[in-house]
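Report on the structure given below.
Whatever order the structure lists ligands and atoms in, that order sets their numbers, starting from 1.
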Amino acid sequence: MKTFLRLVGLTRPFAWWMLLAALIGFATIGSGIGLLMASAWLITTAALMPALSALQIGITGVRFFGISRGVIRYAERLMSHNTTFRILTRLRVWFYDAVEPLAPARLAAYRSADLLKRIVDDIQSLENIYARVLSPPVTAALVTLLMWFIVGHWSIQAAEGVLASQLVAGIAVPMLTARLARGTARGITALQGEQQVLAVDMVQGMSELRVFGMVGDYTARLREAEAKKLALQKRAAFIEGLHESLTGLAMNGAVIWILYSMLPLARSGAVNGVTLASVVFGVMASFEAFLPLTGSVQNIEADVRAGERLFEIIDAKPEVVPPAKPEPFPKSTGIEVKNLTFTYPGSDRPALDGVSFSVPPGSRTAIVGPSGAGKSTITSLMVRFWNPTQGTISIGGQNIDRLDPEALRRNIAVVSQKTYLFGQTIRENLLLAAPDATDEQLRQALTMSGLDSLQGRLDDWAGQHGMNLSGGEQQRLAIARMILQNAPVIVLDEATANLDAVTEEALLDTLHRTSQGRTVMAITHRLHHMERYDDIIVLYEGKVIERGSHEELLKLDGFYAGMWRLQHGEGNV
Ligand SMILES: Nc1ncnc2c1ncn2[C@@H]1O[C@H](COP(=O)(O)OP(=O)(O)OP(=O)(O)O)[C@@H](O)[C@H]1O
């Protein structure tokens with residue numbers, strides 16, 4: 001209930017639009033009632049063969065309601081869709097604004113297909129709340145009131161019976177079908193989510209599934225989810241049919257009751273037969289207002305579940321909250337890391353444990369160590385994807401938590417081992433780093449990063465995840481982005497890992513050239529050209545265990561020297 005009220009609360013800015021849509025909906029059904037009543041009047045009056053002029057009013061009525069019903073129905077659809085789409089637009093922007101600060105720390109627990117489902121399907125399903133849950137009951141209530149006055153004008157006894165049937169159709173039947181439908185819509189949503197996650201995994205991991213012969217297994221899981229979903233959908237269709245039948249029964253009950261209570265009046269001459277026929281037809285037409293209630297109640301459970309899934313993300317607290325009054329990004333770009341400690345949520349072992357080091361402005365520092373030593377965690381903390389559990393990172397003497405995170409990220413160019421390329425053109429992928437860059441600047445960046453071959457292909461599609469480019473080209477594009485970003489601090493996080501030796505060598509040279517004069521922090525477990533670094537920090541199990549220049553560390557003959565010898569085929573660690 002709380003979630004439902006919260007969802008309704010979101011529509012407050014559109015309340016008047018929604019009320020207007022409900023009123024136009026009422027006018028549509030009102031026209032339908034008018035049309036049937038006028039038709040009944042016309043047919044029954046014509047049966048008595050009066051002068052043609054006596055039928056004029058009925059003919060005009062049929063024409064008027066016939067046309068108005070179509071026009072008003074169109075206006076109602078236009079209005080309700082317009083209102084719904086405005087609400088959905090607002091919801092999507094609001095959800096995206098809420099999700100962005102959660103990335104990546106708070107989103108780590110969610111699968112991307114699941115998030116996609118939330119932002120697309122869950123929000124879409126809320127359309128139901130606004131178009132089918134809130135409006136139809138208002139329309140049905142107004143129609144009930146209208147029929148009370150119309151029927152009550154001739155017979156209060158008949159009006160009471162009609163009211164009772166309408167309460168059955170408007171309250172009892174929806175409550176019964178809602179009870180029967182419990183769990184159905186929610187189950188369908190859950191299964192759709194499962195299918196989406198499986199489908200995304202299948203498409204993205206098709207090569208792996210093929211290699212490991214698991215395509216059949218995944219297809220079977222998809223089929224199983226489909227079969228379960230189909231069973232639930234059948235049940236939903238059965239309940240919908242039941243709802244319509246019961247509403248029809250309530251309508252027939254109302255008709256029988258009117259005949260029962262008004263026939264004596266017709267016989268006594270208090271009501272004429274023509275009026276009786278019109279009232280009966282009017283009541284039949286009024287039940288149209290109760291049919292949409294099935295959609296309202298059947299889906300409400302799924303809509304509330306969709307709302308819960310959205311609020312779950314929206315209510316998550318971002319890991320990083322920008323300071324109320326951020327300090328400007330410092331001129332000097334020396335980095336000072338003091339007693340840095342960080343434990344990932346759910347982990348019982350710190351990824352970093354009291355790490356301290358400094359990187360003077362314009363110098364190059366390498367952070368080396370075996371896999372899992374905590375090297376990449378330093379990058380995540382530097383760009384404030386996470387906050388340290390203890391300790392600080394400062395740039396130019398300013399604690400980074402005093403800086404605007406966006407300004408911080410603009411001033412630190414990160415080239416990591418996995419470059420994300422968007423399924424757009426090469427130009428658009430480059431402009432991400434410098435939206436105002438000219439073609440000339442883009443070409444220059446391509447040349448500097450050794451990508452002359454892409455000069456004439458700026459408008460070529462990079463492919464899904466950059467699949468139209470080789471691994472080396474993708475990494476070079478990351479370097480071109482770094483050049484365009486023109487940030488004073490550069491973090492290279494295994495920027496050349498996963499590449500063959502020749503490409504790696506060429507890329508290391510390019511990186512060395514293009515990062516001259518900046519403060520560089522290079523994270524690597526492959527020890528190449530280490531003499532190019534002013535300082536090397538050796539990390540092991542989250543702790544700094546050695547520090548010095550390449551020469552000094554070799555002389556020390558400790559862990560680093562062992563790693564170096566091992567990688568250069570000269571012995572064991
Ligand atoms: N998102 C995460 N959640 C929980 N634990 C994590 C997460 N990311 C990393 N870790 C753990 O933190 C430790 C340090 O990881 P980190 O990625 O910083 O190591 P690394 O030195 O960069 O390793 P590699 O060279 O393999 O990339 C590892 O034990 C890793 O399992």
Problem - Asp535/Arg364 ion pair, N-O < 4.0 Å - result: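 Answer for the salt bridge query: no.
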Practice task
Before accepting this row, confirm whether a basic side-chain N of the pair Arg92/Asp122 lies closer than 4.0 Å to the acidic partner's carboxylate O.
Solution key: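 No, no charged N to carboxylate O under 4.0 Å.
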Practice task
Could you tell me whether the side chain of Asp404 reaches within less than 4.5 Å of the side chain of Phe329, counting heavy atoms only?
Solution key: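 Sidechains of Asp404 and Phe329: no contact.
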Handout entry: Residue pair Thr524 / Ile367, side-chain heavy-atom distance below 4.5 Å
Key =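 Thr524 vs Ile367: side chains apart.
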Pair up each side-chain donor or acceptor in residues 214-231 with any protein partner under 3.5 Å, not counting sequence neighbours, and list the distances.
| residue | atom | partner | partner atom | Å |
| --- | --- | --- | --- | --- |
| Thr219 | OG1 | Val215 | O | 2.6 |
| Glu226 | OE1 | Gln195 | NE2 | 2.6 |
| Lys229 | NZ | Gln195 | OE1 | 3.2 |

Practice task
Run through ligand 1 for me and note each protein residue having a heavy atom under 4.0 Å from it, chain first, then residue number.
Solution key: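 Contacts of ligand 1 under 4.0 Å: Tyr344, Arg349, Ala351, Pro370, Ser371, Gly372, Ala373, Gly374, Lys375, Ser376, Thr377, Glu494, His525.
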Practice task
Mark yes or no for whether Gln475, through its side chain, and Gly471, through its backbone, hold a donor-acceptor pair below 3.5 Å.
Solution key: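 A pair under 3.5 Å: no.
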